[in-house]
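This report refers to the structure that appears directly beneath it.
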Amino acid sequence: SYQVKVADLPATVDSNKLDAEIKAVLNEIDSTMSTYRPESEVMRFNRSKAGDWFSVSPAVAELVAATLKISHETDGALDITVGPLVRLWHFGPKTRADAISPEQITPPSEESIAAARADVGYQKLDVRLEPPALRKQADKLEIDLSSVGEGYAVDRIVAVLEKNGIEDYLVGVAGAVRARGQRTDGKFWRAGVQKPTPDKDALQTTVTLNNAALATAGDYKRYFEFGGRHYSHIIDPSSGRPIDHSLASVTVVADKCVTADAWDTALLVLGSQRGQECAKQHDLAALFISRGEQGGQEFDVQETAAWQKRFPNALKDQPGQ
Ligand code: ADP
Ligand code: MG
């Protein structure tokens, strides 16, 4: 799902044409990057053999290069080769936990986790920008751009709007948003940060977004429960298992939405302490929400210095505006 709000459409812009342009961009992203489409570039690469360079569109190569940079900077917390583990834990396109009945969902065996881990590793993936291509060092290596796809799509829609001379907009794709300029009422756009619960209307805070993007990764978005435990769709590549710590969500604000969307997943995997250290090191504006020891609705919220600088107190903590 996506939304595009434009406050002041220039007279020269035809809204139907604009709509068609946006849909074309989204279709292009889908047909190159989706893991739900067997014939997408990404899926064809996933089926290909190791060894030779595999030609891809410039956008795929650039996105892969951007994620690999963050993989190196986070010791592999963000790793777009996690596909086999995502599937094993019932979060892949064909093994979606929500597509089968809850009783059928059980954690995989140690052996199957070890086997899937052997097929995962960003170090076994090479990227080249000129001419754009990917290369794998193991036949079974695959890529899954889900962790950054929403943010990337937002940036591409923004590019369409700006090309059309539009300067006051808010664009959102699932949990990722980017906004610039003002709303029709003259106020800045605002984005909410959800409490880490399934209730989409419960907000922890809202922030003003002026020429900035926000993305949130959370362990409450997709998960299954087994034996009283919670298994999230975010996988820690170092263990081969869903993340298992009190940090429930990370929100990142950055200039580009793809940057926010890549870092939110990486920092969530790192956990509260390592995540905050890493965010500080890279001067990221990030908000960390952890569950309290007692559970329930009490959360511990930590902001980085860059977040506080971007959002002075007066603009924070006014849910619903
Ligand atoms: P969401 O908005 O759904 O929470 P995220 O940006 O956090 O999205 O991405 C989650 C998706 O990324 C998962 O569904 C899975 O396909 C993939 N994924 C899971 N763990 C990792 C990881 N450590 N690195 C990269 N991608 C991951
Ligand atoms: Mg993400």
Side-chain angles (χ1 to χ4, degrees), residues 1-2 33-36 42-43 46 63-64 66-99 113 116-117 120-123 125 141-155 172-178 191 193-194 196-198 200 213-224 231-245 247-254 256-271 274-275 278-279 284 286 289:
S1 65
Y2 69 98
M33 301 181 183
S34 176
T35 47
Y36 287 72
V42 161
M43 289 303 277
N46 288 350
L63 192 54
V64 168
T67 65
L68 284 181
K69 184 164 178 282
I70 295 178
S71 299
H72 285 286
E73 290 168 347
T74 59
D75 211 6
L78 180 76
D79 188 337
I80 58 164
T81 70
V82 288
L85 287 164
V86 170
R87 258 199 317 278
L88 190 65
W89 286 95
H90 314 288
F91 297 108
K94 290 211 177 102
T95 57
R96 287 181 61 127
D98 50 9
I113 295 172
R117 286 185 70 190
V120 170
Y122 67 96
Q123 300 91 339
L125 174 67
L141 194 82
E142 351 176 325
I143 62 170
D144 167 6
L145 295 169
S146 311
S147 61
V148 289
E150 293 159 1
Y152 174 76
V154 167
D155 289 337
V173 176
V177 289
R178 181 168 157 184
V193 177
Q194 208 186 305
T197 64
K200 288 208 165 71
L214 174 149
T216 300
D219 70 357
Y220 55 90
K221 290 191 179 176
R222 276 172 64 195
Y223 62 91
F224 67 87
Y231 295 90
S232 156
H233 71 313
I234 310 280
I235 306 291
D236 181 349
S238 71
S239 66
R241 301 163 177 281
I243 51 168
D244 183 17
H245 44 51
L247 180 62
S249 81
V250 177
T251 299
V252 177
V253 171
K256 282 170 74 186
C257 207
V258 69
T259 311
D261 202 9
W263 279 108
D264 67 1
T265 312
L267 298 177
L268 182 57
V269 170
L270 286 174
R274 286 167 69 212
C278 182
L284 296 167
I289 306 182

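FYI, side chains are in, hydrogens and waters are out, and symmetry mates aren't considered; it's all heavy atoms of this structure. Just so you know, ligand 1 is whichever comes first in the structure, and atom 1 is the first atom listed for that ligand.
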Residue, atom name and distance, where the atom is the protein heavy atom closest to atom 3 (O) of ligand 1 = His233 NE2, 3.1 Å
Pair His245-Arg274, side chain to side chain contact (heavy atoms under 4.5 Å, CB included): steps then yes or no = CA-CA 12 Å; His245 44 51; Arg274 286 167 69 212; over 6 Å; no
Side chains of Met43 and Thr35: closer than 4.5 Å at any heavy-atom pair?
-> yes
With Thr67 via side chain to side chain contact (heavy atoms under 4.5 Å, CB included) - residues at least two apart = Leu78, Ile80, Val148
Closest protein heavy atom to atom 11 (C) of ligand 1, given as residue, atom name and distance to 0.1 Å = Ser146 CB, 3.9 Å
Is the side chain of Ser232 donor-acceptor paired with the backbone N or O of Pro242 at a distance under 3.5 Å, no angle test?
-> no
Given side chain to side chain contact (heavy atoms under 4.5 Å, CB included), test Asp264 with Thr251 step by step and report yes or no.
-> CA-CA 6 Å; Asp264 67 1; Thr251 299; over 6 Å; no
Looking only at non-hydrogen atoms, which of Asp264, Leu268, Val250, Asp144 approaches atom 17 (C) of ligand 1 most closely?
-> Asp144
Atom 24 (N) of ligand 1 - nearest protein heavy atom and its distance | Asp79 N, 3.0 Å
Parallel, tilted or perpendicular: rings of Tyr231 and Trp89 (30°, 60°) | parallel
Which is it for Trp263 and Thr74 under the side chain to side chain contact (heavy atoms under 4.5 Å, CB included) test, yes or no, and what are the steps along the way?
-> CA-CA 9 Å; Trp263 279 108; Thr74 59; 3.5 Å; yes
Output the list of atoms in ligand 1 that are nearer than 4.0 Å to some heavy atom of Glu150, sorted by atom number.
-> 2 (O)
List the atom of Gly151, the atom of Asp261, and the distance in Å for their closest heavy-atom pair.
-> N-OD2, 2.9 Å
Looking only at protein heavy atoms, identify the closest one to atom 5 (P) of ligand 1 and say how far it is in Å.
-> Thr265 OG1, 3.5 Å
Any side-chain heavy-atom pair of Leu145 and Val64 under 4.5 Å | yes
For ligand 1, which atoms have a heavy atom of Val82 less than 4.0 angstrom away?
-> 18 (N), 21 (C), 26 (N), 27 (C)
Numbered atoms of ligand 1 (with element) below 4.0 Å of Ala77, judged on heavy atoms | 22 (C), 23 (N), 24 (N)
So, the side chain of Arg117 versus the backbone of Ser238: is there a donor-acceptor pair under 3.5 Å, distance only?
-> yes
Do the non-hydrogen side-chain atoms of Val250 and Leu270 ever get within less than 4.5 Å of each other?
-> no
Would you mind listing which atoms of ligand 1 come within a distance below 4.0 Å of any non-hydrogen atom of Pro237?
-> 23 (N)
Of the listed options (Ile235, Leu270, Ile234), which comes nearest to atom 22 (C) of ligand 1 when hydrogens are ignored and any heavy atom counts?
-> Ile235
Evaluate the criterion side chain to side chain contact (heavy atoms under 4.5 Å, CB included) for residue pair Tyr2 and Glu150; output intermediate values, then yes/no.
-> CA-CA 9 Å; Tyr2 69 98; Glu150 293 159 1; over 6 Å; no
Near Asp261, which atoms of ligand 1 are under 4.0 Å from a heavy atom of that residue?
-> 6 (O)
Between Leu78 and ligand 1, which residue portion shows a heavy-atom distance shorter than 4.0 Å: side chain, backbone, both, or neither?
-> both
Taking the side chain as C-beta and beyond, is there a heavy-atom pair between Val269 and Pro237 under 4.5 Å?
-> yes
Quick one: does Gln194's side chain get under 4.5 Å of Thr216's, heavy atoms only?
-> no
The Mg ion (ligand 2): protein N, O or S atoms that are less than 2.8 Å away, sorted by chain | Ser147 O, Asp261 O, Asp261 OD1, Asp264 OD1, Thr265 OG1
Counting heavy atoms only, which part of Ala174 comes closer than 4.0 Å to ligand 1: side chain, backbone, both or neither?
-> neither
Which residue supplies the protein heavy atom nearest to atom 2 (O) of ligand 1, what is that atom called, and how far is it?
-> Lys221 NZ, 3.1 Å
A student comparing Ser147, Gly151, Gly83, Ala266 should find that the heavy atom closest to atom 9 (O) of ligand 1 comes from Ser147
Which atoms of ligand 1 sit under 4.0 Å from any heavy atom of Val269?
-> 23 (N)
